[in-house]
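Heads up: the structure comes next, in C-alpha cells.
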Amino acid sequence: MNLESTIGSLVAQVIDSLYGLKLDASQIQLQKTKREFEGELTVVIFPFVKAARKSPEQTGQEIGEFLLKHNPIVSGFNVIKGFLNLSISQSYWLETLKEIHSTVDYGKTTAKEDAETMMIEYSSPNTNKPLHLGHIRNNLLGYSISEIQKANGWKVVKTNIVNDRGIHICKSMLAWKLFGNAETPESTGMKGDHLVGKYYVVFDKAYKAEIAELMGKGATEEEAKKTAPLILEAQKMLLAWENDDKEVRQLWEMMNAWVYAGFDVTYKQLGVDFDKIYYESETYLDGKEKVEEGLANGVLYRREDGSVWADLTADGLDEKLLLRSDGTSVYMTQDIGTAKLRYDDYNIKKMVYVVGNEQDYHFKVLSIVLDKLGFEWGKDLVHFSYGMVELPEGKMKSREGTVVDADDLMTEMIDTARETSQELGKLDNCTPEEIERIARMVGLGSLKYFMLKVDPRKSMTFNPKESIDFNGNTGPFIQYTHARIKSVLRKAKDQGIDFSTISDINLTISEKESYLVQLLTEFPSIIKLAGEEFSPALVANYIYDLVKEYNQFYHDFSILKEENLQLKQFRLVLSESVAAIIKTGMGLLGIEVPERM
RNA sequence: GGUUUCGUAGUUCAAUGGAUAGAACAAGUGUUUCCUAAACACUAGAUCUGGGUUCGAUUCCCAGCGAGACCA
C-alpha cells in the first residue's frame with residue numbers, strides 16, 4: 001500500500017468518526033506539500049469544514065492530532081489556512097527506498113499471460129516522399145505510447161499501415177518514367193525514398209507549367225487542373241494499376257521497394273519498429289467488400305450517380321462518402337478494410353490510431369461507420385490525436401520548400417552532439433565507435449526529448465534555425481546526470497563499497513534526500529497516468545523534475561567522501577535508484593542513456 | 001459560414017479547482033585545489049478581454065477578440 005492510500009483511508013476514518021462525514025479514501029484531496037512549507041504530504045481541509053462546523057484551521061488541527069497519535073508514519077504536522085501539512089518519518093522513507101532499490105523494473109507492470117491486447121497504429125506514411133518532421137512526432141509518440149502501455153501490463157502490437165497505392169505514387173512513377181533517365185538509388189547514391197520524392201516534385205513542377213500554359217490559352221484554373229495532360233496520364237496509370245497492368249505494376253513495385261529500403265533506414269535511425277505492417281494495396285479491396293455488405297444490409301445507401309454514402313445525420317454529423325461513383329475507394333474505405341483484417345489477425349481489445357488532429361473528424365466518422373457495419377469494437381477505438389508541428393512562420397509547406405526532412409534533421413542533431421562532445425573534451429579516451437555511439441544517443445536523445453516533453457494534444461513550434469538545446473530541460477541534461485551517477489557508482493565499486501542495500505534504517509537524512517525518495521515513490525503512478533492519458537510528456541516532465549532535484553543533491557552533498565559509512569551507503573543506493581528510474585523512464589520515451597558522456 | 005482545438009515571461013514549454021502561477025532558453029552575475037561545470041546558485045520578467053459558478057478559477061460555464069484545423 002502506498003503512502004497516499006494509507007494516509008487517505010486514515011483521514012477518511014478520522015472525518016467519519018469526528019464529523020460523521022463518510023467519504024471514500026479516493027475522495028480525500030492529497031497533494032505533495034509545496035516546497036516553502038514544512039512537511040511532505042498535504043491534506044486539503046476545505047471540503048470538510050462544512051461538516052466539521054469549525055474553522056479550517058481548527059479542523060486541520062484536530063485531524064492532524066489524530067493522525068499523529070494513530071500512525072507512526074506521521075511524525076509531525078502543521079496547519080496553514082486550510083492545508084494540513086504532514087511530516088513523514090525518516091525511517092518510512094528509508095524503508096521505502098530499500099524496497100524500491102530491490103525491485104526489478106520498478107514502476108513497470110509486466111504483462112501477464114492472459115493480458116489483453118492493444119494494437120497501436122502509427123507512422124502510416126505515403127510512399128511518394130520521405131518522412132519529415134511531422135512524421136517524427138508521430139513515430140516518437142507511437143513508439144513511446146506503446147512502451148508506456150506495455151509498462152502498464154498490456155500486450156502491445158505495434159502496427160503500420162503503408163499507403164502504397166493511389167494517385168500520389170502514380171505521379172512519382174509517371175515523372176520518373178518521363179524524365180527519370182532510368183535513375184536508380186544505386187546510380188545516384190540517393191536514398192530510395194528521397195529519389196522517389198524528387199520525382200514527385202518533378203511531377204508537380206511540370207504539372208504546374210502545363211496548368212499555366214492552359215490558363216494562358218484562356219482556360220480557367222479549375223479546367224486547367226482537370227485537363228492538363230500529365231494529370232490525365234497519371235489517372236490513366238492509376239486505372240491501369242487497378243486493372244493489374246503488368247508494366248505499371250512492375251514499375252510500382254520497383255519504386256515502392258526503393259522507398260521501403262529508405263524508410264527502413266529512417267526507422268532504424270529513429271529507433272522505432274513495428275510488429276506487423278499492413279499495406280493499403282492489400283486491404284482496400286476488403287474495405288470495398290465490407291461497404292458492399294453494408295449496402296446490402298441497408299446500413300449504407302447508393303446515390304443515383306452510383307456513389308455509396310453513410311448517413312450520419314442522426315449522430316449529429318453529415319453524410320459521408322465511402323465509394324466514389326466510379327467505384328474507387330476513399331481513405332475511409334481503406335480504414336474499414338484494414339480494421340477488418342487486423343481483427344481477424346489478432347484478438348484485439350483496444351485499437352489505437354496515432355494520427356494528427358487534422359483527422360479528428362475522420363476518426364469520429366470511422367468510429368460510427370465501423371459500429372454501423374457491425375464491428376462491436378468500432379465505438380471504442382481510440383484516436384490518439386496529436387497536434388501539428390509548426391515552424392515559426394506556420395505550417396510546413398512542401399511547395400515552399402519549408403519541409404524539414406527527417407533524415408537531415410537526425411544527422412544534424414548527431415553531428416552537433418559529436419562536436420559538442422569534442423569541444424568539451426569529454427570523450428578523449430574513447431574509441432571512435434564509442435564516440436559515435438554516444439553522439440548518436442545524445443543527438444537523438446535531444447531530438448526525441450524535445451518532441452516528447454510537450455503535451456501531445458497541443459501543437460508545437462520547432463525552429464530549425466535555432467538548433468535544439470543540450471542544456472536545461474533537455475534530453476542530454478538527463479543523460480548527463482545518468483552518466484554522472486554511473487561514474488560515481490563505478491568508483492564506489494572500485495573502492496569495494498557495498499551498496500547492495502541499506503543496513504541502517506535509523507539514519508538521519510536531510511530534507512533533500514527524503515524529498516528525492518518521495519519523488520521516486522511517484523514513478524509508478526506517473527506511468528499509470530501516462531498510459532491512461534496517452535501522454536509521454538508526463539513521463540518526460542517527471543524525469544526532468546527528478547533529475548533537477550538530484551543534481552542539486554549531487555552538488556550540495558558528497559557521496560564518496562562522506563565519512564559516515566552508513567550514510568555513504570544510503571546515498572549510493574539512492575543514486576543507483578535514481579539512475580535506474582532515469583533509465584526506465586527514458587526507455588519509455590525511446591531514449592537511450594549512456595554510461596558516460 | 002458551420003464544427004472543433006488552442007491563447008501563460010522576449011522565446012519554447014509546465015501547473016487532478018487549491019497556498020506566493022513552475023522550468024528552460026535568451027539577458028546579467030557568481031561557483032572548479034572537492035564524486036563529470038552538458039552542472040549548481042543568484043537577479044529581472046507572464047495567465048488575451050469582459051462577465052458568471054465557487055470558500056478558492058490559468059483550469060469549469062457564457063460572450064467577445066485572436067490563431068490553427070476540419071467540413072463545405
Side-chain angles (χ1 to χ4, degrees), chain A residues 26 29-37 42-47 49-50 55-56 79-85 316-320 356-365 385-388 390 392 394-395 416-417 420-421 423-427 438 442 445-446 449-455 457-463 466-492 494-495 497 525 529 532-533 537-538 540-542 544-545 547-548 550-562 568 571-572 575 594 596-597:
Chain A
S26 61
Q29 283 187 55
L30 289 173
Q31 54 191 253
K32 214 160 40 158
T33 304
K34 291 232 167 195
R35 301 307 294 280
E36 54 267 39
F37 303 105
T42 295
V43 186
V44 183
I45 298 300
F46 295 109
V49 294
K50 257 188 196 158
S55 72
V79 182
I80 294 165
K81 294 192 202 164
F83 298 94
L84 168 61
N85 302 321
L317 304 172
D318 345 339
E319 306 187 334
K320 183 72 198 174
N357 63 12
E358 53 191 355
Q359 306 257 18
D360 283 354
Y361 184 73
H362 174 87
F363 280 96
K364 232 189 248 175
V365 172
S385 163
Y386 63 90
M388 297 288 101
E390 281 165 15
K395 228 186 149 182
T416 312
T420 307
S421 290
E423 273 166 33
L424 295 171
K426 297 259 182 183
L427 303 173
I438 293 168
V442 174
S446 159
Y449 185 84
F450 178 86
M451 305 289 286
L452 290 173
K453 74 172 178 186
V454 181
D455 181 342
R457 277 167 286 279
K458 290 193 177 173
S459 59
M460 63 184 296
T461 308
F462 174 77
N463 189 345
E466 295 169 17
S467 60
I468 296 174
D469 259 300
F470 284 22
N471 302 321
N473 186 356
T474 67
F477 170 78
I478 294 165
Q479 291 170 318
Y480 172 72
T481 305
H482 181 264
R484 216 155 59 152
I485 295 174
K486 285 296 183 175
S487 168
V488 173
L489 296 178
R490 276 194 300 271
K491 289 196 168 127
D494 289 346
Q495 293 171 23
I497 304 168
S525 57
L529 197 61
E532 286 164 4
E533 308 258 314
L538 294 177
N541 289 326
Y542 165 79
Y544 174 67
D545 284 343
V547 162
K548 187 142 180 58
Y550 182 83
N551 276 334
Q552 286 167 8
F553 159 77
Y554 182 93
H555 184 265
D556 295 343
F557 295 82
S558 182
I559 300 169
L560 294 174
K561 294 209 166 57
E562 171 56 47
K568 188 198 283 195
R571 287 182 182 158
L572 284 165
S575 298
R596 64 185 84 227
M597 70 182 264

Practice prompt. Select base, sugar-phosphate, or nothing to describe what A:F37 touches, counting heavy atoms under 4.0 Å on all strands.
Written response: base

Worksheet item: So what does A:D545 touch, heavy atoms closer than 4.0 Å: a base, only the sugar-phosphate, or nothing?
Response: nothing

Fill in: Sugar-phosphate, base or nothing in reach of A:Y449, heavy atoms under 4.0 Å
nothing

Worksheet item: Relative to the 5' end of RNA chain B, which residue comes earlier, A:T33 or A:K320, by the nucleotide with the nearest heavy atom?
Response: A:T33

Worksheet item: If you measure from the C1' atom in B:C48 to the same atom in B:G7, how many Å do you get, rounded?
Response: 6 Å

Worksheet item: In whole Å, what is the span from the CG atom of A:N463 to the C1' atom of B:U12?
Response: 10 Å

Worksheet entry | N or O in side chain of A:Q552 less than 4.0 angstrom from B:A41 OP1/OP2 | yes

Practice prompt. Decide yes or no, distance alone: a donor-acceptor N/O pair under 3.5 angstrom between the base of B:A38 and the side-chain of A:T481.
Written response: no

Item to complete: Please work out if A:A483 contacts a base, only the sugar-phosphate, or nothing of the nucleic acid, heavy-atom cut-off 4.0 Å.
Response: base

Worksheet item: For the pair made of OH in A:Y550 and P in B:C35, what is the distance, rounded to whole Å?
Response: 14 Å

Practice prompt. Classify the nucleic acid contact of A:T474 as base, sugar-phosphate or nothing, counting any heavy atom under 4.0 Å across all strands shown.
Written response: nothing

Discussion item. Please check this pair: side chain of A:S487 against backbone of A:A483, looking for a donor-acceptor N/O pair closer than 3.5 Å.
Written reply: no

Worksheet item: Using the P atom in both, what is the distance from B:U11 to B:A38, to the nearest Å?
Response: 30 Å

Worksheet item: Of the candidate nucleotides B:C71, B:C35, B:A19, which contains the atom at the shortest distance from the side chain of A:V488?
Response: B:C35

Response to the item:
Looking only at B:C35, B:A14, B:A23, the nucleotide nearest the A:K548 side chain is B:A23

Fill in: Nearest-neighbour nucleotide for the A:Y480 side chain, B:U16, B:C40, B:U36 considered
B:U36

Worksheet item: Do other residues, nucleotides or ligands put more than 12 heavy atoms under 6.0 Å from the NZ atom of A:K568?
Response: yes

Fill in: Any A:N551 side-chain N or O less than 4.0 Å from OP1/OP2 of B:C40
yes

Worksheet item: So what does A:D318 touch, heavy atoms closer than 4.0 Å: a base, only the sugar-phosphate, or nothing?
Response: sugar-phosphate

Discussion item. Suppose you measure atom C1' in B:C62 against the same atom in B:U53; what distance do you get, rounded to whole Å?
Written reply: 11 Å

Practice prompt. Verify the stacking flag for A:F46 against B:G56: centroid separation must be under 5.5 angstrom and the ring planes must differ by under 30 degrees.
Written response: no

Fill in: Donor-acceptor side-chain pairing of A:S385 and A:D360 below 3.5 angstrom
yes

Practice prompt. For A:E390, report the nucleic acid contact type (base, sugar-phosphate, nothing); a contact means any heavy atom under 4.0 Å.
Written response: sugar-phosphate

Practice prompt. Only one of A:M451, A:M388, A:E390 passes side chain to side chain contact (heavy atoms under 4.5 Å, CB included) with A:M460; say which it is.
Written response: A:M451

Discussion item. Work out how far the P atom of B:G66 is from that of B:C55, and round it to whole angstrom.
Written reply: 35 Å

Practice prompt. Check whether any side-chain nitrogen or oxygen of A:R484 sits under 4.0 Å from OP1 or OP2 of B:A37, and answer yes or no.
Written response: yes

Discussion item. Just to be sure I understand the rule, does A:K395 reach a base, reach only the sugar-phosphate, or reach nothing, if contact means heavy atoms closer than 4.0 Å?
Written reply: sugar-phosphate

Worksheet item: Hey, is the side chain of A:K364 poking within less than 4.0 Å of OP1 or OP2 on B:C71, counting only N and O atoms?
Response: no

Worksheet item: Using the P atom in both, what is the distance from B:G1 to B:G56, to the nearest Å?
Response: 38 Å

Worksheet item: Contact class for A:R457 (heavy atom, under 4.0 Å): base, sugar-phosphate, or nothing?
Response: nothing

Worksheet item: If the C1' atom of B:A39 is compared with that of B:U32, how far apart are they to the nearest Å?
Response: 11 Å

Item to complete: Could you tell me which non-hydrogen atom of A:A537 sits nearest to which non-hydrogen atom of A:K453, and how far apart they are?
Response: CB-O, 3.4 Å

Item to complete: Look at the side-chain N and O atoms of A:K458 and state whether any lies under 4.0 Å from the OP1 or OP2 oxygen of B:G7.
Response: yes

Worksheet entry | Distance-minimising heavy-atom pair for A:S575 and A:I485 | O-CG2, 3.3 Å

Item to complete: Indicate the atoms forming the closest heavy-atom contact of A:L560 with A:A492, along with that distance.
Response: CD2-CB, 3.8 Å

Discussion item. On the nucleotide B:U20, are OP1 or OP2 found under 4.0 Å from the side-chain N or O atoms that A:K81 carries?
Written reply: yes

Practice prompt. Looking only at side-chain atoms of A:K561, point me to the closest of B:A38, B:C35, B:C25.
Written response: B:C35

Worksheet item: On a whole-Å scale, what distance lies between the C1' atoms belonging to B:G45 and B:C25?
Response: 13 Å

Fill in: Geometric cation-pi criterion, A:R571 with A:F557: 6.0 Å, 45°
no

Worksheet item: Counting just side-chain N and O atoms, does A:Y361 come under 4.0 Å of either OP1 or OP2 of B:C70?
Response: no

Worksheet item: Does NZ in A:K50 sit with more than 12 non-hydrogen atoms of other residues, nucleotides or ligands closer than 6.0 Å?
Response: no

Item to complete: Quick one: label A:D360 by what it contacts on the DNA or RNA (base, sugar-phosphate, nothing), any heavy atom closer than 4.0 Å.
Response: nothing

Practice prompt. Nearest whole angstrom, please: distance from the C1' of B:G56 to the CD1 of A:I80.
Written response: 17 Å

Worksheet item: In whole Å, what is the span from the NE2 atom of A:H362 to the P atom of B:A69?
Response: 19 Å

Response to the item:
A:F450 CZ to B:C13 P, in whole Å, measures 7 Å

Worksheet item: For B:U58, is chi within 90° of 0 (syn) or not (anti)?
Response: anti

Discussion item. Just the rounded figure in Å: distance from P of B:U32 to OH of A:Y554.
Written reply: 16 Å

Item to complete: Establish, with yes or no, whether the OP1 or OP2 oxygen of B:C35 is under 4.0 angstrom from a side-chain nitrogen or oxygen of A:S487.
Response: no

Item to complete: Record whether the side chain of A:N85 comes under 3.5 Å of the base of B:A19 through a donor-acceptor pair of N or O atoms.
Response: yes

Practice prompt. Report yes if at least one side-chain N or O of A:N471 is closer than 4.0 Å to OP1 or OP2 of B:A39; otherwise report no.
Written response: yes

Item to complete: Among the candidates B:A19, B:U12, B:C71, find the nucleotide nearest to the side-chain atoms of A:T461.
Response: B:U12

Worksheet item: Can you find a donor-acceptor pair, distance only, under 3.5 Å between A:T42 side chain and B:A19 base?
Response: yes

Practice prompt. Taking the six-membered ring for Trp and the single ring otherwise, decide whether the centroids of A:F477 and A:Y480 are under 6.0 Å apart.
Written response: no

Worksheet item: Under 4.0 angstrom, heavy atoms only, what part of the nucleic acid is A:M460 near: base, sugar-phosphate, or nothing?
Response: sugar-phosphate

Worksheet item: Touch check for A:K491, heavy atoms < 4.0 angstrom, all strands: base, sugar-phosphate only, or nothing?
Response: sugar-phosphate

Worksheet item: In whole angstroms, how far is the P atom of B:U20 from the CZ atom of A:F83?
Response: 8 Å

Worksheet entry | B:U16 and B:A63, which share atom name P, separated by this distance in whole Å | 26 Å

